[in-house]
Visitor: 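I am attaching a structure below and will ask some questions about it afterwards.
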Amino acid sequence: MQMNKLETNERLIAAAIFESKNAILITDANNLIIRVNQAFTVITGYKIEDVIGKSPRLLSSGREHKSFYRAMWEKIDNTGNWEGDISNKRKDGLIYLERLFISVVKDRHGVVLNYVGIFYDITTLKKAATEIQRLAFYDPLTGLANRLLLCDRLKQALLINKRNGTEGALLFIDLDNFKILNDTKGHDIGDLLLKQVAQRLESCVRRCDTVARFGGDEFVIILEELSHQHHEVEEQAEIVGLKILAAFKDDYLLDSCVYQCTPSIGITLFDGYEKSIDEPMKQADIAMYQAKELGRNKICFFNSQMQININARIELEKELHTALVENEFRLFYQSQIKNTGEIVGAEALIRWQHPQRGLLLPIEFILLAEKSELIISIGLWVLKQACIQLKNWESQTNTQSLQLSVNISAKHFCREDFVNQVVEIIRFYSIRADRLKIEIVESLLIENIEESIDKMNSLRAIGVRFSIDDFGTGYSSLSYLTRLPLDQLKIDKSFIRHIGHQPFNGVIVQTVIGMAQSLGIEVIAEGVETEMQRTFLEENQCHLYQGYLFSKPVPIERFIFDK
Ligand code: C2E
Ligand code: MG
Ligand code: MG
């Protein structure tokens, strides 16, 4: 009685299991189907009567190799079960992927009675996994490999090269002037260009190569399986580079706008002995910058001299941080002269007295200083030195009316506390503020015009004067100019240089002078080197000059007040 109840229970459980959503297929010892459940019919499309007495082989998609089944049966025979993914074919011919568990049923003596297969369709699961993979490793805009996949592939490529003694090539591609397109036509148009660029890049390489979007308008290509000869690898990489330049030549149609785009390409080779993937990445990047410096739309191979230059720059940057404390900066003074010959003041120009490299000009370190907050400390140092000098001049009758111009970097001027800093320094040294002139470049004023006007007004209220440096090289928009509370325009030396040369069109110089006059502000010409330039300027009503014709920038001991 008790036994019967147990048997009935087990039968009920077995029946319930049999009704599960997973397909169940049971074969006899000869592997011929004796039972299938409802879920089997749903997944495979075969009815019970279609399959009874047949081999499960009728589900086979033909996609799996014989060796796959051999290994499967070996495992079943040895361990009594098997688990894995397998693609099968539905009755209607559709191929699907299933996860299958097979177990053997044996009697007490170990004789095989049945095989039970349980499986479910994982096609959608697999698709979702593929989609997740796509999202994680591919750039959604262009469909190219993303940075993550690029790094992974590069790591692999390094390993393979090291193992096989081969070389690969890495190309770093940056679009020229992409920012201008984005800023003027909008991001949607920018995106259209990036998509088309991606297609063109892919058309330039083989299937085994990787084209990745590194970010923004930067793309990276890994070329693999190249020649075993070093010089041939270089050639192969160059050929791809040239192909890319050629592929960019055709116009791009972005919506209805026809656009031309050129790339700058940096190339480096790698053999797998690099410290990490950063090394070839950095080298290709450095070479790309070199291509830009050489005028864009170019290919440039990395070489060790580039690395030496970069290292030197990094070294200089480090040293720059201690230059202030070590008191290595100097101010040089270049006189500013009236047409009467009278010296009205000077411009303070910074120099770095480097302990090993000698006297360095601002071109070698100001940009580096601007990369960090250092430019603020330098600016403050210059302002303080200038005030000390002005105080000194104030105390003597022959110099008390001299003005001193200082250059202030955009980054410093934009600081919220700039006005306060200047006011404090002027108070501390108690100089006459109207002897101090601040030179700034126009682009920075225009970027944030309202704020610039406020700052300039606050400082002008205590007497500080303002001059626009390098005038004519930026926007030079008249509408902006009229709004700025200025005292002086300084015509850039690039215009002065051409005076007296053929062909010289003096219109720009004359226009700037005319503009300044109509706005009621002073105009000064910088970079005056010849008497002919001075005469031209004077004839055109510019009465203030600065340049080698009068004096080079010199240390204060050599600065001569009387002309
Ligand atoms: P800038 O303010 O336009 O200075 C004029 C530059 O022209 C100076 O170069 C000066 O030496 C040079 N120069 C003067 N007369 C002539 C000439 O007749 N012919 C030629 N070819 N050049 C002449 P420098 O001293 O090398 O300064 C270069 C730039 O560095 C300056 O251009 C300025 O923008 C920046 N700079 C200089 N000192 C400072 C500073 O203290 N702070 C900041 N933030 N920038 C500075
Ligand atoms: Mg200047
Ligand atoms: Mg200038």
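Note that the structure is a prediction, hence the values are computed from the model and not measured. Start at 1 and go down the list; that is how both ligands and their atoms are numbered. All values below come from the heavy atoms of this structure, side chains included, with hydrogens, waters and symmetry mates left out.
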Visitor: Answer yes or no: is there a side-chain heavy-atom contact under 4.5 Å between Ile299 and Leu245?
Guide: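 A side-chain contact exists here, since the closest heavy-atom pair is under 4.5 Å.
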Visitor: Answer yes or no: is there a donor N or O on one side and an acceptor on the other, between the side chain of Ser467 and the main chain of Asp469, under 3.5 Å?
Guide: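 Side chain of Ser467 to backbone of Asp469, a donor-acceptor pair under 3.5 Å: no, none is there.
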Visitor: Quick one: which ligand 1 atoms are inside 4.0 Å of a heavy atom on Glu529?
Guide: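 The list of qualifying atoms is 17 (C), 18 (O), 19 (N), 20 (C), 21 (N).
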Visitor: Can you tell me if Glu347 has a non-hydrogen atom under 4.0 Å from ligand 1?
Guide: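 Yes, Glu347 has a heavy atom closer than 4.0 Å to ligand 1.
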Visitor: Which pair of non-hydrogen atoms, one from Trp393 and one from Ala346, has the smallest distance, and what is that distance?
Guide: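 Scanning both residues completely, I find the closest heavy atoms to be CH2-CB, 4.2 Å.
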Visitor: If you measure from each non-hydrogen atom of Gln334 to ligand 1, which part falls under 4.0 Å: side chain, backbone, both or neither?
Guide: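 The answer is the side chain of Gln334.
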Visitor: Checking only N/O/S atoms, does Asn407 have one that is under 2.8 Å from the Mg ion (ligand 2)?
Guide: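 Yes.
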Visitor: Show me which atoms of ligand 1 lie under 4.0 Å from any heavy atom of Ser409.
Guide: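 Here the atoms of ligand 1 in question are 44 (N).
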Visitor: List the atom of Val344, the atom of Leu544, and the distance in Å for their closest heavy-atom pair.
Guide: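 Heavy atoms only, the tightest pair is CG2-CD2, 3.8 Å.
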Visitor: With a 4.5 Å cut-off on side-chain heavy atoms, are Leu436 and Ile426 touching?
Guide: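 They are in side-chain contact.
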Visitor: Give the numbers and elements of all ligand 1 atoms closer than 4.0 Å to a heavy atom of Gly547.
Guide: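 Numbered from 1, ligand 1 contributes 15 (N), 18 (O).
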Visitor: Taking N, O or S atoms only and a limit of 2.8 Å, check whether Asp492 reaches the Mg ion (ligand 3).
Guide: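 No.
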Visitor: Do we get Arg200 above Tyr252's six-membered ring, with its NZ or CZ under 6.0 Å from the centre and within 45° of the axis?
Guide: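 Satisfied, under 6.0 Å and within 45°.
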Visitor: Can you tell me which residue and heavy atom of the protein come closest to atom 24 (P) of ligand 1, and the distance to 0.1 Å?
Guide: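 Scanning the protein heavy atoms, the shortest distance from atom 24 (P) of ligand 1 goes to Pro362 CG, 3.8 Å.
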Visitor: Between Ile378 and ligand 1, find which residue part has any heavy-atom pair under 4.0 Å and reply side chain, backbone, both or neither.
Guide: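 Neither; no heavy atom under 4.0 Å.
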Visitor: Give the residue and atom name of whichever protein heavy atom lies nearest to atom 7 (O) of ligand 1, and the separation in Å to one decimal.
Guide: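 Ranking protein heavy atoms by distance from atom 7 (O) of ligand 1, first comes Lys493 NZ, 3.1 Å.
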Visitor: List every atom of ligand 1 that sits less than 4.0 Å from any heavy atom of Glu526, numbering the atoms from 1 in the order shown and giving each element.
Guide: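 Going through ligand 1 atom by atom, the ones under 4.0 Å from Glu526 are 3 (O), 5 (C).
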Visitor: For the residue pair Lys455 and Phe418, would you count it as a cation-pi contact if the rule is NZ or CZ under 6.0 angstrom from the ring centre and within 45 degrees of the ring axis?
Guide: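 That pair does not qualify as a cation-pi contact.
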Visitor: Is there side-chain contact between Leu402 and Leu390, with at least one heavy-atom pair below 4.5 Å?
Guide: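 SC-SC contact between Leu402 and Leu390 ruled out.
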Visitor: Would a search of protein heavy atoms around atom 41 (O) of ligand 1 find one under 4.0 Å away?
Guide: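 Neighbour list for atom 41 (O) of ligand 1 includes protein heavy atoms (cut-off 4.0 Å).
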Visitor: Looking only at protein heavy atoms, identify the closest one to atom 11 (O) of ligand 1 and say how far it is in Å.
Guide: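 Answer for atom 11 (O) of ligand 1: Pro553 CG, 3.3 Å.
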Visitor: For the residue pair Glu315 and Glu319, establish whether any side-chain heavy-atom pair is separated by less than 4.5 Å.
Guide: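 Glu315 vs Glu319: side chains touch.
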Visitor: Which N, O or S atom name in Asp469 marks its closest approach to the Mg ion (ligand 3)?
Guide: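 Nearest N/O/S atom of Asp469: OD1.
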Visitor: Does the Lys NZ or Arg CZ of Lys292 fall within the cation-pi geometry relative to Tyr289 - under 6.0 Å from the ring centre and within 45° of the axis?
Guide: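 Pair Lys292/Tyr289 does not count as cation-pi.
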Visitor: Below 3.5 Å, N or O to N or O, backbone or side chain included: is there any such pair between Gln546 and ligand 1?
Guide: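 So ligand 1 has no N or O lying under 3.5 Å from an N or O of Gln546.
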Visitor: How close do Leu223 and Ala237 get, heavy atom to heavy atom, and via which atoms?
Guide: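 In this case the closest contact between Leu223 and Ala237 is CD1-CA, 3.9 Å.
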Visitor: Could you label the plane-to-plane angle of the Phe329 and Trp352 rings as parallel, tilted or perpendicular, counting under 30° as parallel and over 60° as perpendicular?
Guide: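 The rings of Phe329 and Trp352 sit tilted, inter-plane angle from 30° to 60°.
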Visitor: Of all the N, O or S atoms in Glu347, which has the shortest distance to the Mg ion (ligand 2)?
Guide: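 Of the nitrogen, oxygen and sulfur atoms in Glu347, the Mg ion (ligand 2) lies nearest to OE2.
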Visitor: Between the Mg ion (ligand 3) and Asp470, which N, O or S atom of the residue is the nearest one?
Guide: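 Answer by atom name: OD1.
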Visitor: Could you tell me whether the side chains of His354 and Glu328 share a donor-acceptor contact shorter than 3.5 Å?
Guide: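 There is no such pair (donor and acceptor under 3.5 Å, judged by atom type) between the side chains of His354 and Glu328.
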Visitor: N/O of Ile350 under 3.5 Å from N/O of ligand 1, yes or no?
Guide: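 Right, the criterion is met.
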Visitor: With rounding to the nearest 0.5 angstrom, report the OG1 to CG distance, Thr322 to Leu374.
Guide: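 Answer for the OG1-CG pair, Thr322 versus Leu374, is 9.5 Å.
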Visitor: Considering Tyr548, Tyr545, Phe550, which one's heavy-atom position lies nearest to atom 16 (C) of ligand 1?
Guide: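 When every heavy atom of Tyr548, Tyr545, Phe550 is considered, Tyr548 comes closest to atom 16 (C) of ligand 1.
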Visitor: Val382 heavy atoms, cut-off 4.0 Å: which ligand 1 atoms fall inside?
Guide: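 Contacts of ligand 1 toward Val382, numbered from 1: 41 (O).
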Visitor: Students should be able to answer this: which protein heavy-atom is nearest to atom 4 (O) of ligand 1, and at what distance?
Guide: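 Nearest neighbour among protein heavy atoms for atom 4 (O) of ligand 1, to 0.1 Å: Leu349 CD2, 3.6 Å.
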Visitor: If you have a sec, work out which protein heavy atom is nearest atom 43 (C) of ligand 1 and how many Å separate them, to one decimal?
Guide: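 Closest protein heavy atom to atom 43 (C) of ligand 1: Asn407 O, 3.6 Å.
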Visitor: Among Lys493, Glu526, Gln334, find the one that has a side chain to side chain donor-acceptor pair (under 3.5 Å) with Gln546.
Guide: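 With Gln546 as partner, side chain to side chain donor-acceptor pair (under 3.5 Å) holds for just one option, Gln334.
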Visitor: Among all protein non-hydrogen atoms, which one is nearest to atom 1 (P) of ligand 1, and what is the separation to 0.1 Å?
Guide: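 Result: Asp469 OD2, 3.6 Å.
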Visitor: Report the atom name of the nearest N/O/S atom of Glu439 relative to the Mg ion (ligand 2).
Guide: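 Atom name returned: OE1.
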Visitor: Does even one non-hydrogen atom of Ile363 get within less than 4.0 Å of ligand 1?
Guide: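 Ile363: no contact with ligand 1 (<4.0 Å).
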